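Heads up, the thing below is written out as structure tokens.
Since this is a predicted model, take the numbers as computed values, not measurements.
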Amino acid sequence: MTIKTEYAFKGIESKWQKHWKKIKLFSADLSKYKNKYYCLMMFPYPSASLHVGHGRNYIIGDVVARYKIMKGLNVLTPMGWDAFGLPAENAAIKGNVRPHVSTGRNITTMKRQLAQWGVGYDWDKEVNSSKPEYYKWTQWIFLQLYKKGLAYKKKAAVNWCPSCNTVLANEQVVDGGCERCDTKVTQKELEQWFFKITDYAQRLLKDLDKLEDWPERVRIMQRNWIGRSEGVRIEFTVVDSDKILTCFTTRVDTICGATYMVLAPEHPWIGELIASAPNKKEIMAFVEHARSESMIKRSQLDVEKEGIFTGRYVVNPINGEKIPLWIANYVLMAYGAGAVMAVPTHDERDFEFAKKYDLPMRVVIDDPESHLEVSAMSGAYIDDGIMINSGGFDGISNKEAMEKIADYMESKNIGKRAVHYKLRDWLISRQRYWGAPIPVIYCDSCGIRQVPESDLPVLLPQDVEFKPHGESPLKTVKDFVEAKCPECGKKARREIDTMDTFVDSSWYYLRYLSSKNNNAAFDSKIADRWLPVDQYIGGVEHAILHLLYSRFITKVLYDLKLISFDEPFGNLFTQGMIVKNGAKMSKSKGNVVSPDDLIKKYGADTVRLYTLFIGPPERDAEWNDRGVEGAYRFLKRLYRLVVDVVEGKASTDESDEDDEQNKDLTRMIHATIKKVTEDMERDFHFNTAISSVMELVNKIYLVMGDKKVITEPVKKAAKTAVILLSPFVPHITEELWSMMGESESVFKSDWPDYDRNILQAEEITIVAQVNGKVRGRFTVALNASEKDLKDLILEDDSVKKWTGGRSPKKFIVIPNKLVNIVM
RNA sequence: GCCGGGAUGGUGAAAUUGGCAAACACGAUGGACUUAAAAUCCAUUGUCCGUUAAGGACCUGUGGGUUCGAGUCCCUCUCCCGGCACCA
């Protein structure tokens, strides 16, 4: 071939991108699963176009895929589109462009951008969650959950704009108002579909222990989100009533300090309990007020605690004491039983509330350091201590009392140990158009009926009128709403809610393996062979919801015996954000860096190299346009190096290879292979991998010298640099690889090995410290003995200057590294 | 408030097991090449003291501790980022 002496990236990049397509570099044969490696990147929402921050995710994935291909694995690296969702629908309402049109357009743009980056995928397996051939199976999965009793309907509060007369998603509520008309958003109870993820709370928690290769912080976040706590459920009888109120506490040791009880404003028994209260109206007014302010307001910052006395009393079962029953805004209906035994002396919230309403307090756990007096307390005492005022339990530690009291209550049948979780069921229905229709039908005589599997998919109509106001546009589509009851055949009505897009994304990793299968969501056999995913890569923003939902759906499918693994993702890597001027890249902030211009100016390899070199990939990084120049400079330098090596005069002097410089270079080749391989295998610290190859390149230039003497080690080192860089900068390295006479793609060659024996030089430099301060350096033989070191170093003049020639107190030797002379 | 993560030169960062702090880059300054510019190459570049130099002292957010030796381990405090947040 003819060699261009200048790095002309334009021709090089398009040439090799075409070549990879031709040789099907990224096509995985699913029937060959022996050395399978499933490399998965979180599939994107098709937004208008990508910026360099998005690119980081795909580039990291591409590096991993290319490296694993070179390691000889059968790599599957598919890509698809999480295409349903709000932005496309909002664009439709605003701009008169139908969601499937705008989505399709965005996908085209993004595919072009991905290709430009040189990121490779097996496009034969592409999925698009908004296509009927995909959402048919999302609906099928819904039906499987429904049949199992894991999908159910109940009333739940939604955000409601009274002016637009419509449901709002949380993202559409801005500062408590409607994003379109600013009207104050209220809460409205509507029938909603839920998945019973709470049935899986314990397993989702326990199996986190199995996911050892997940980042610890993600596991902690999931653990906190699931929020398991152990305690006791206690029954309090209501005085002059047949009602029994149940409450849950994790601090049963404080039960004798319970001086009142509190109900959530949403508690269903309130009406009945206050029916005969003289100030019934006043109480109901408070309850209404508290309920309407719930959710949004209550989840914002600290809300002043407010409450009202019901006029009722309940009996504390442990001591028969009558305590007042209150209603207060700080009690949540959704957790426990919506009722709380209040112990103001040992709970911050109860303390604050009791102070405000002047409720009684009693210390039951004493501070072992200094005796507690209620009148002197300025806050609750929540630490451990010694039991007092608790009848037969006095004198023991509260930890011990927890167990004793729980035992006692269970034996007397007035309480029972229980476990509670913060995790709530997954609300999956959306009053929105651009999502997978929920496949159920309402019949006046038969009730809720599932759409028969043979009738799937329930097609989302395309011809829909988008009006700026109102409910889901589906309501206006007569053909869609009108349906026949699958049971009795009578006229019935179709569900108009669609599914949360998290449902679509909770199973897509299965669909890639059977993307063209029209008879099933996935093929169990193929799934069992290829899953779990070997490496999952994505942003931390999905640390909780997406990953938890995917784990849940996988476990459900496992229980249905459709798959034989119960965790979807083996390794997880969460990459950091790329920020500019200290902020996340976004159009509104105007700090978006588009890859298109950069690629035009410097080429994709430069953008890739800079993105990878910017810092450790799990950390956030600041984008710096000038840094890109540096990456470009290095690639030009690399290109010239190979040109020199290929065109330069080979050394004729055989002694060259024995000279120290060349020996050093040979050692460095092996050290660099070791370093890069370890960074690839360990923690994806590509920044240090790249810097070590830069060092190798610098060394090659040094050894070649001005005369450009091409010795064997120089040739070998240049070739090694090229192959080690190939996963990061695939185009230029392919070009250089072929310039060096290779006929096959660099990705078809084996990843190099290193030789441990060559790594060590026979002479090394050892550092001499006196009292911990560096005072000299000595070249000594490898593994020199302590005696030899003493003889050499203690007699040296520059060291004697600091020791005064006296014999040291201690002589510490760290082999082949350092000695410390302690005077 | 609770739970994570972080703080190292002018900048991004490195230091893998407690063993030479600042590798590799960016930027800056000076120089070579050039009519000139770009590109490229060379040199210097943590701070302070020292006229230059030789040399020395000090440096990993703060203060303390363990150790022959601490960016790394332990305790205290400050600030920044992320998650959760009345979960009884």
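- Residue Ser229(A) is classed as a sugar-phosphate contact, given heavy-atom separations below 4.0 Å to backbone atoms only.
- In this structure, Leu263(A) and Trp269(A) have side chains that are not in contact, with every pair of non-hydrogen atoms separated by 4.5 Å or more.
- Note on residues 211-221 of chain A: pairs passing salt bridge (charged side-chain N to carboxylate O under 4.0 Å, His left out), not counting sequence neighbours, are Glu216(A)-Arg219(A), Glu216(A)-Arg223(A).
- When heavy atoms are screened at a 4.0 angstrom cut-off, Arg228(A) is found touching no nucleic acid atom at all.
- Under the 90° criterion around 0 for the glycosidic angle, rG55(B) counts as anti.
- Base pairing annotation: rG27(B) forms a Watson-Crick or G-U wobble pair with rU45(B), both donor-acceptor distances under 3.5 Å.
- Here the nucleotide nearest the side chain of Thr688(A), chosen from rA15(B), rC24(B), rA88(B), is rA15(B).
- Annotation: ring pair (Phe, Tyr, Trp, His ring centres under 6.0 Å) contacts of Phe502(A) (sequence neighbours excluded): Tyr549(A).
- For residues 620-637 of chain A, the salt bridge (charged side-chain N to carboxylate O under 4.0 Å, His left out) pairs, not counting sequence neighbours, are Lys580(A)-Asp625(A).
- Relative to the side chain of Lys305(A), the nucleotides rC24(B), rC86(B), rG83(B) differ in distance, and rC86(B) lies closest.
- With both pairing distances under 3.5 Å, rA22(B) is matched to nothing as a Watson-Crick or G-U wobble pair.
- Tyr381(A) places none of its side-chain heavy atoms less than 4.5 Å from the side chain of Val363(A).
- Here rA88(B) presents its C1' atom at 17 Å from OH of Tyr421(A), a figure rounded to the nearest Å.
- Look at CE on Met221(A): it is 11 Å from P on rG82(B), rounded to the nearest Å.
- Atom P of rA38(B) sits at a distance of 33 Å from the matching atom of rA22(B), rounded to the whole Å.
- Sequence neighbours left out, the pairs with a member in residues 678-705 of chain A that pass salt bridge (charged side-chain N to carboxylate O under 4.0 Å, His left out) are Lys68(A)-Glu681(A), Asp664(A)-Lys699(A), Lys674(A)-Glu678(A), Lys675(A)-Asp679(A).
- Using atom P as the reference point in both rA54(B) and rU45(B), the two lie 11 Å apart (nearest Å).
- If you take atom C1' in rG10(B) and the same atom in rG4(B), they sit 31 Å apart, rounded to whole Å.
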Please produce a list of atom pairs where a protein N or O lies less than 3.5 Å from an N or O of nucleotides 66-70 of chain B.
from, atom 1, to, atom 2, distance (Å)
rC68(B), OP1, Lys810(A), NZ, 3.4
rC68(B), O2', Asn820(A), ND2, 3.4
rC68(B), O2, Asn820(A), ND2, 2.5

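- Judged as a ring pair (Phe, Tyr, Trp, His ring centres under 6.0 Å), and not counting sequence neighbours, the contacts of Phe686(A) are Phe684(A), Phe728(A).
- rU72(B) and rU76(B) have their P atoms separated by 16 Å, given to the nearest Å.
- In terms of phosphate contacts, Tyr335(A) brings a side-chain nitrogen or oxygen within less than 4.0 Å of OP1 or OP2 of rA88(B).
- Comparing the C1' positions of rG12(B) and rG27(B) gives a spacing of 11 Å, expressed to the nearest Å.
- Considering only residues two or more places apart in sequence or on other chains, His542(A) meets the ring pair (Phe, Tyr, Trp, His ring centres under 6.0 Å) condition with His546(A).
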For this session: Apply the test side chain to side chain contact (heavy atoms under 4.5 Å, CB included) to residues Asn398(A) and His346(A): give CA-CA distance (whole Å), side-chain angles for both, the deciding distance (0.1 Å), then the verdict.
Result: CA-CA 12 Å; Asn398(A) 70 305; His346(A) 303 295; over 6 Å; no
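- With sequence neighbours excluded, the residues that form a side chain to side chain contact (heavy atoms under 4.5 Å, CB included) with Arg619(A) are Pro616(A).
- Straight-line distance between the P atoms of rA7(B) and rA13(B): roughly 9 Å, to the nearest whole Å.
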Please list, for nucleotides 37-41 of chain B, all pairs of protein and nucleotide N/O atoms separated by less than 3.5 Å.
from, atom 1, to, atom 2, distance (Å)
rA39(B), O3', Lys636(A), NZ, 3.4
rU40(B), O3', Arg640(A), NH2, 3.2
rC41(B), OP1, Arg637(A), NH1, 3.1
rC41(B), OP1, Arg640(A), NH2, 3.4

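- Map Asn698(A) and Lys675(A) each onto its nearest nucleotide of RNA chain B; the residue landing nearer the 5' end is Lys675(A).
- Taking atom P in both rA14(B) and rA25(B), the straight-line distance is 15 Å, to the nearest Å.
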For this session: Sugar-phosphate means primed atoms, P, OP1 and OP2; the rest is base. With that split, encode nucleotides 1-13 of chain B 5' to 3' as B, S or - using protein heavy atoms under 4.0 Å.
Result: --SS-------BS
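- Residues passing the salt bridge (charged side-chain N to carboxylate O under 4.0 Å, His left out) test with Lys399(A) are Asp384(A), sequence neighbours excluded.
- For Trp225(A) and Arg682(A), each mapped to the nucleotide of RNA chain B holding its nearest heavy atom, the one lying further toward the 5' end belongs to Arg682(A).
- With sequence neighbours excluded, no residue satisfies ring pair (Phe, Tyr, Trp, His ring centres under 6.0 Å) with Phe634(A).
- Using P as the reference atom, rU8(B) and rC3(B) are 25 Å apart when rounded to the nearest Å.
- Here rC84(B) sits opposite rG1(B) as a Watson-Crick or G-U wobble pair (both hydrogen-bonding atom distances under 3.5 Å).
- The nucleotide rU78(B) finds its pairing partner in rA7(B), both defining distances of the Watson-Crick or G-U wobble pair being shorter than 3.5 Å.
- Checked against His267(A) for a side-chain contact (heavy atoms from CB on, under 4.5 Å), the options Val262(A), Leu245(A), Val331(A) give a single hit: Leu245(A).
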